[in-house]
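No experiment lies behind these values; they were computed from the predicted model shown. Index from 1, following the sequence.
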Amino acid sequence: MSTNRERKQADFLKQGGILALASLIVRFIGLIYRIPMSNILGEEGNGIYAVAFEIYDVILIISSYSLPLALSKIISAQQAKRQHRNTGKTFRVALTFAIISGGLFGSILFFGAGLIEKNIYPEYTGVQIPLRVLAPTIFIVALLGVFRGFFQGKKTMVPTAVSQIIEQIVNAVVSVGASYLFMKWNIDSLQQAAWGAAGGTLGTCLGAASALLLVLFVYWLYRPVQAKLERRDGTGRTLSSGYLFRVLIITILPIVLSQTVYNISGLIDYKLFGWLSGEKGIDSYTIKSMIGVYSSKYRTLCSVPIAISTAIASSMIPSAVAAYTEGDIRQLKYNISSGIKFNMIVAFPCAVGFTILGQPIVKMLFASSNYVLGGWMMTTGAAAIIFYALSNVTGGALQSIDKMRLPVIHSAISLVLHVALVAALLKYTGVGVYALIIGNITFPIVVFILNLIAIKKYIPTYRQEVVKTFFAPLSASIWMAVAIVLVYWVLGLLIHSNTIRTLVSVCVAAFVYFSVFLLLKGLTREELFDFPMGRKMYMLARKMRIMK
């Protein structure tokens with residue numbers, strides 16, 4: 001029994017590691033291509049692009065974004081009971097749902113783009129152009145989500161991981177090229193920036209299409225295996241399509257509401273900032289430019305480590321659902337605690353690193369833009385990375401134990417407080433765009449606290465290990481921060497290149513963090529082996545004499 005449990009634990013971490021590594025690669029590619037695209041679009045174009053994407057994200061979430069998570073949850077529970085015929089039928093029902101929902105909401109976005117700009121976001125003129133380019137993507141992503149959810153429910157993250165990387169590569173190439181060409185072709189247009197943003201969104205559409213082709217091919221290869229499993233299924237009757245459709249809707253709704261509440265906060269922020277800044281006499285161009293800095297610098301950089309936490313939360317759910325279904329509370333608690341621990345190992349050094357090196361990093365990546373404002377945003381708001389990581393994982397834990405309404409309620413409570421705080425800061429203080437930064441930190445803090453209270457209520461025996469989970473990465477990050485300050489300052493006495501000083505500081509920071517964290521025994525040898533490339537890291541640690 002212990003061997004089986006150990007195998008489950010190792011499998012959970014490895015599958016989570018695969019998805020986390022893919023998310024890191026995807027975000028890194030996204031960061032790389034956003035640099036030239038950001039410089040091509042300018043701050044105004046970046047502002048339009050950000051607002052268009054927030055609108056698209058909310059409609060995508062309502063229509064189909066929750067499908068992979070919901071489907072993986074249902075299928076993993078069926079797999080635990082070896083109900084292979086129900087697994088296949090659930091997949092087909094989800095595919096029908098995706099076709100209907102994706103087609104409907106894609107059409108609404110395409111034909112309603114003009115009304116959205118005119119009646120809701122008049123401060124962001126031209127936003128309807130990239131919205132119409134994004135509309136077909138909703139249908140494509142709906143179909144893509146079904147295939148990803150199917151394979152995640154089968155406890156393999158490889159198809160999702162590989163398709164995400166392919167999607168982002170195509171997205172990067174097309175986004176940069178199309179942004180440049182659309183700006184060039186519309187050089188005399190008053191809406192040149194909007195056309196440039198539309199070029200960036202074209203990459204999103206074609207990237208999703210390429211990922212869909214890949215998972216279709218993988219499913220075509222796997223289909224004979226699934227057919228054989230269904231033929232050998234001896235568990236009993238097959239559930240009706242109507243029942244499975246209801247189960248899918250019931251599973252999707254809490255996830256949709258939770259994600260919508262989270263994403264709608266960005267739309268509300270942009271609306272509040274545009275409206276209240278306009279009341280103070282700030283012109284439309286400046287408003288779009290400030291939002292451009294906030295979205296293309298601060299949010300883009302913070303999204304890289306946050307994506308890892310989202311991946312860990314997603315990969316945790318199938319294993320946690322299976323453990324919950326089988327009544328294996330020990331395995332369930334392990335999934336939650338290790339998911340939090342893995343996130344803190346990544347979140348703490350990223351948050352501290354961005355706080356110390358915020359301005360040098362933004363200057364290195366976005367030298368032709370307003371790197372001073374972007375750098376101060378990073379320094380002020382990098383702490384949000386830690387709390388988003390915690391809120392994502394704890395939300396995933398509640399979804400795993402069939403308490404899917406709770407993350408929705410917690411996000412709604414946090415949203416109300418968030419809107420009140422941001423509106424008050426914008427209206428009654430002079431902090432300006434920093435009101436959005438403050439709100440971006442407080443939102444996940446409230447969600448995390450409420451999620452944690454609920455976890456302790458419904459899993460009374462759950463206890464999160466504190467020293468190695470929180471204090472070890474925090475202590476190692478503090479030593480890392482000292483090293484960053486010293487290295488960056490000393491190099492400044494010798495050379496004037498910000499890029500060289502920043503890159504060397506980052507390399508030294510990674511080395512110091514890795515070394516101190518292992519010296520503090522933040523991970524055992526067995527835990528390190530469970531991580532991607534864990535054995536290579538262990539061999540390096542042995543050579544450095546920091547592990548036995």
Side-chain angles (χ1 to χ4, degrees), residues 15 18-19 21-30 32-33 37 53 56-57 59-61 63-72 75 87-88 90-107 109-110 130 132-179 181 198-227 307 310-311 314-315:
Q15 292 299 324
I18 289 170
L19 204 55
L21 182 60
S23 295
L24 184 60
I25 293 170
V26 165
R27 292 295 175 174
F28 181 73
I29 296 170
I32 295 300
Y33 89 78
M37 193 179 86
F53 237 92
Y56 158 78
D57 273 345
I59 295 177
L60 182 65
I61 286 165
S63 64
S64 60
Y65 186 78
S66 58
L67 269 173
L69 196 59
L71 194 57
S72 70
I75 288 178
T87 296
T90 301
F91 168 76
R92 292 186 287 274
V93 167
L95 201 57
T96 303
F97 175 85
I99 292 170
I100 296 170
S101 178
L104 175 64
F105 281 94
S107 300
L109 181 60
F110 184 85
R132 289 200 173 98
V133 176
L134 282 167
T137 317
I138 289 177
F139 178 73
I140 296 168
V141 172
L143 298 179
L144 178 60
V146 175
F147 289 96
R148 284 175 170 170
F150 175 78
F151 286 114
Q152 287 173 208
K154 295 278 186 175
K155 296 186 182 179
T156 173
M157 306 297 164
V158 175
T160 296
V162 174
S163 66
Q164 284 179 343
I165 294 171
I166 297 296
E167 177 182 4
Q168 191 71 322
I169 290 172
V170 174
N171 184 6
V173 174
V174 176
S175 292
V176 175
S179 295
L181 292 174
T201 57
L202 180 63
T204 305
C205 182
L206 296 184
S210 64
L212 177 60
L213 291 174
L214 176 65
V215 293
L216 278 170
F217 176 69
V218 174
Y219 179 76
W220 178 74
L221 293 176
Y222 181 77
R223 189 172 57 174
V225 177
Q226 177 64 25
T310 304
S314 298
S315 64

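Of all non-hydrogen atoms in G102 and A142, the two that sit nearest each other are CA-CB, 4.0 Å. Residue A211 comes nearest to S163 through the heavy atom pair CB-O, 3.5 Å, listed as atom of the first residue, atom of the second, then distance. Taking each heavy atom of V218 and P159 in turn, the nearest pair found is CG1-CG, 4.2 Å.
Here the CD1-CG distance, from I140 to L144, works out to 9.0 Å after rounding to the nearest 0.5 Å. Note: L71 CG to R148 CZ = 13.0 Å, rounded to the nearest 0.5 Å. A distance of 10.5 Å separates OG1 of T204 from CG of L60, quoted to the nearest 0.5 Å. To the nearest 0.5 Å, atoms CD (E167) and OG (S210) are separated by 6.5 Å. Rounded to the nearest 0.5 angstrom, N171 CG and I166 CD1 are separated by 12.5 Å. Annotation: the span from L109 atom CG to I138 atom CD1 amounts to 4.5 Å, rounded to 0.5 Å.
Qualifying ring-ring contact (aromatic ring centres under 6.0 Å, His included) partners for F139, counting only residues two or more places apart in sequence or in other chains: none. Residues that satisfy the ring-ring contact (aromatic ring centres under 6.0 Å, His included) test with F105, not counting sequence neighbours, are absent from this structure. Applying the ring-ring contact (aromatic ring centres under 6.0 Å, His included) test to F91 and every residue at least two apart in sequence or in another chain returns F147, F150, Y219.
Between the side chain of S101 and the main chain of A98, no donor-acceptor pair closer than 3.5 Å is present. One N or O on the side chain of S175 and one on the backbone of G200 form a donor-acceptor pair closer than 3.5 Å.
Residues L134 and F53 are in side-chain contact: their nearest non-hydrogen atoms beyond the backbone lie under 4.5 Å apart.
When each of V173, I169, V176 is paired with Y33, the side chain to side chain contact (heavy atoms under 4.5 Å, CB included) condition holds for V176 and for no other.
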